[in-house]
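Worth saying up front: this structure is predicted, and the values here are computed from it rather than measured.
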Amino acid sequence: METPGLVVHGEAEPFSTALRSLVNNRLYSDVRFVVGQEQQEVFAHRCLLACRCNFFQRLLGQEPGPGVPSPVVLSTVPAEAFLAVLEFLYTNSVKLQRHSVLEVLTAAVEYGLEELRELCLEFVVKMLDVELVCETLQVAVTFGLGPLQEHCIAFIEAHSQEVLRTRGFLELSAPALLSLLRSDNLCVDEAELVLAARSWARVGAAVLERPVAEVAAPVVRELRLALLAPAELSALEEQNRREPLIPVEQIVEAWKCHALRRGDAARDAPCRRRRGTVPREHHRFLDLPFK
């Protein structure tokens with residue numbers, strides 16, 4: 001009776017090094033990409049990409065015919081991120097960089113590379129800081145990466161004031177900002193959140209060439225105006241006349257809370273105090289204390 005064979009393994013490092021030398025190497029390449037806005041030319045090997053990734057298997061299709069094949073244009077992925085994807089496909093390892101990891105993560109999600117996606121997520125969580133967190137939150141919201149979104153929100157809750165001053169905050173989409181404003185655990189007072197929301201809406205209005213109030217409409221309902229003192233609310237109302245940001249009805253609802261001294265007096269008016277809410281005299285009348 002023939003004895004069963006035994007699978008033995010050679011050293012992995014020389015094998016990985018040899019394959020890494022083929023990344024973006026014209027030698028034996030049979031597919032050419034034009035990548036990113038910089039239109040960088042990148043060479044690859046059709047059979048390797050197709051067997052490693054269903055996305056490329058569908059993209060590259062059948063064997064090319066005679067003659068010089070036309071390049072495959074991938075304009076949305078930056079060249080650096082695409083080369084990192086190729087490095088992973090060729091060697092099953094990749095060197096990630098803080099400045100480009102989110103672009104690699106985006107490519108991994110779009111190409112269905114789950115293992116690379118998980119490696120990127122692990123790296124991002126370790127590298128997360130005040131400057132990176134809003135951009136990371138935006139990627140998480142865009143691609144439905146729930147655990148990463150939760151991690152980003154928890155980080156922002158702990159570093160709220162610093163994050164509100166970053167460029168990344170001003171560049172958040174409305175759904176991403178909405179996920180933040182719904183949090184009870186932001187360590188920031190409501191007056192500062194109103195100012196931050198106005199700054200965010202002004203930037204969006206300039207970019208989109210739309211009115212500030214129109215840009216702000218999807219998110220301002222989550223501002224808890226009833227937490228502001230009467231003098232602050234009056235000042236906000238006056239500024240709102242000069243530069244509309246918040247629907248008048250929402251301000252009226254906040255005034256109802258003050259007039260009736262009950263947190264539930266204004267329908268749909270959020271009265272829960274956030275973790276960073278500065279105490280004000282009228283807060284003792286609110287029905288929903290912060291927990």
Within the side chain of [X], is there an N or O that forms a donor-acceptor pair under 3.5 Å with the backbone of [Y]?
{"X": "Thr166", "Y": "Glu162", "value": "no"}
{"X": "Asn25", "Y": "Ser21", "value": "yes"}
{"X": "Glu103", "Y": "Glu80", "value": "no"}
{"X": "Glu41", "Y": "Val34", "value": "no"}
{"X": "His282", "Y": "Cys257", "value": "no"}
{"X": "Glu232", "Y": "Ala229", "value": "yes"}
{"X": "Ser179", "Y": "Ala176", "value": "yes"}
{"X": "Arg280", "Y": "Val278", "value": "yes"}

For the pair [X] and [Y], find out whether any cationic side-chain nitrogen is under 4.0 Å from an anionic carboxylate oxygen.
{"X": "Glu222", "Y": "Arg182", "value": "yes"}
{"X": "Arg275", "Y": "Glu157", "value": "no"}
{"X": "Glu253", "Y": "Arg221", "value": "yes"}
{"X": "Arg272", "Y": "Asp184", "value": "yes"}
{"X": "Glu243", "Y": "Arg198", "value": "yes"}
{"X": "Asp129", "Y": "Arg98", "value": "yes"}

For a 4.5 angstrom cut-off between non-hydrogen side-chain atoms, does [X] reach [Y]?
{"X": "Val194", "Y": "Leu225", "result": "yes"}
{"X": "Val220", "Y": "Pro247", "result": "yes"}
{"X": "Glu171", "Y": "Trp200", "result": "no"}
{"X": "Glu115", "Y": "Phe88", "result": "yes"}
{"X": "Val35", "Y": "Val73", "result": "no"}
{"X": "Cys120", "Y": "Leu116", "result": "yes"}
{"X": "Tyr111", "Y": "Val77", "result": "yes"}
{"X": "Leu164", "Y": "Leu193", "result": "yes"}

Query raised in the report: Given Arg274 and Ser160, is the side chain to side chain donor-acceptor pair (under 3.5 Å) satisfied, shown in steps?
Result: CA-CA 11 Å; Arg274 304 183 197 267; Ser160 304; over 6 Å; no

Requested in this report: Would you verify whether the NZ or CZ of Arg46 falls within 45 degrees of the ring axis of Phe56 while also being under 6.0 Å from that six-membered ring's centre?
Outcome: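 Checked: cation-pi criterion not met.
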
Taking all non-hydrogen atoms of both residues into account, name the closest pair between [X] and [Y] and its distance.
{"X": "Leu178", "Y": "Val219", "answer": "CD1-CA, 3.8 Å"}
{"X": "Val23", "Y": "Leu83", "answer": "CG1-O, 4.3 Å"}
{"X": "Leu172", "Y": "Leu137", "answer": "CD2-CD2, 4.3 Å"}
{"X": "Ser29", "Y": "Ala44", "answer": "CB-O, 3.2 Å"}
{"X": "Arg20", "Y": "Ser93", "answer": "NH2-OG, 2.9 Å"}
{"X": "Ala191", "Y": "Leu228", "answer": "N-CD2, 3.7 Å"}

Is there a chain of hydrophobic side chains (I, L, V, M, F, W, Y, each step under 4.5 Å between heavy atoms) that links [X] to [Y]?
{"X": "Phe43", "Y": "Leu49", "value": "no"}
{"X": "Phe169", "Y": "Leu208", "value": "yes"}
{"X": "Leu195", "Y": "Leu223", "value": "no"}

Reported [atom1]-to-[atom2] distance for the pair [X] and [Y], which is rounded to 0.5 angstrom:
{"X": "Leu22", "Y": "Tyr28", "atom1": "CG", "atom2": "OH", "value": "9.0 Å"}
{"X": "Leu128", "Y": "Thr136", "atom1": "CG", "atom2": "OG1", "value": "5.0 Å"}
{"X": "His45", "Y": "Leu60", "atom1": "NE2", "atom2": "CG", "value": "12.5 Å"}
{"X": "Arg52", "Y": "Leu86", "atom1": "CZ", "atom2": "CG", "value": "11.0 Å"}
{"X": "Leu170", "Y": "Arg165", "atom1": "CG", "atom2": "CZ", "value": "12.5 Å"}
{"X": "Arg117", "Y": "Thr106", "atom1": "CZ", "atom2": "OG1", "value": "12.0 Å"}

Taking everything shown except [X] itself, do over 12 heavy atoms lie less than 6.0 Å from its [atom1]?
{"X": "Glu114", "atom1": "CD", "result": "no"}
{"X": "Arg241", "atom1": "CZ", "result": "yes"}
{"X": "Gln39", "atom1": "CD", "result": "no"}

Query raised in the report: Could you go step by step and tell me if Gln138 and Ser173 meet the side chain to side chain donor-acceptor pair (under 3.5 Å) rule?
Result: CA-CA 7 Å; Gln138 186 60 64; Ser173 67; 3.0 Å; yes

Query raised in the report: Run the side chain to side chain contact (heavy atoms under 4.5 Å, CB included) check on Leu186 and Thr277 step by step: do they pass?
Result: CA-CA 9 Å; Leu186 293 175; Thr277 298; over 6 Å; no

Report task. Go through Leu181 and Leu177 one step at a time and tell me if the side chain to side chain contact (heavy atoms under 4.5 Å, CB included) criterion holds. Result -> CA-CA 6 Å; Leu181 295 181; Leu177 179 56; 4.1 Å; yes

Requested in this report: Please lay out, stage by stage, how Phe15 and Thr17 fare under the test side chain to side chain contact (heavy atoms under 4.5 Å, CB included).
Outcome: CA-CA 5 Å; Phe15 175 76; Thr17 300; over 6 Å; no

Query raised in the report: When you look at Phe155 and His159, which way does the ring-ring contact (aromatic ring centres under 6.0 Å, His included) test go after all the steps?
Result: CA-CA 6 Å; Phe155 183 95; His159 304 85; 4.2 Å; yes

Requested in this report: Could you walk me through whether Phe123 and Met127 pass side chain to side chain contact (heavy atoms under 4.5 Å, CB included), step by step?
Outcome: CA-CA 6 Å; Phe123 182 87; Met127 298 298 295; 3.6 Å; yes

Report task. Dump the intermediate steps for side chain to side chain donor-acceptor pair (under 3.5 Å) on Glu237 and Trp255, then the final yes or no. Result -> CA-CA 11 Å; Glu237 195 170 23; Trp255 278 120; 3.2 Å; yes

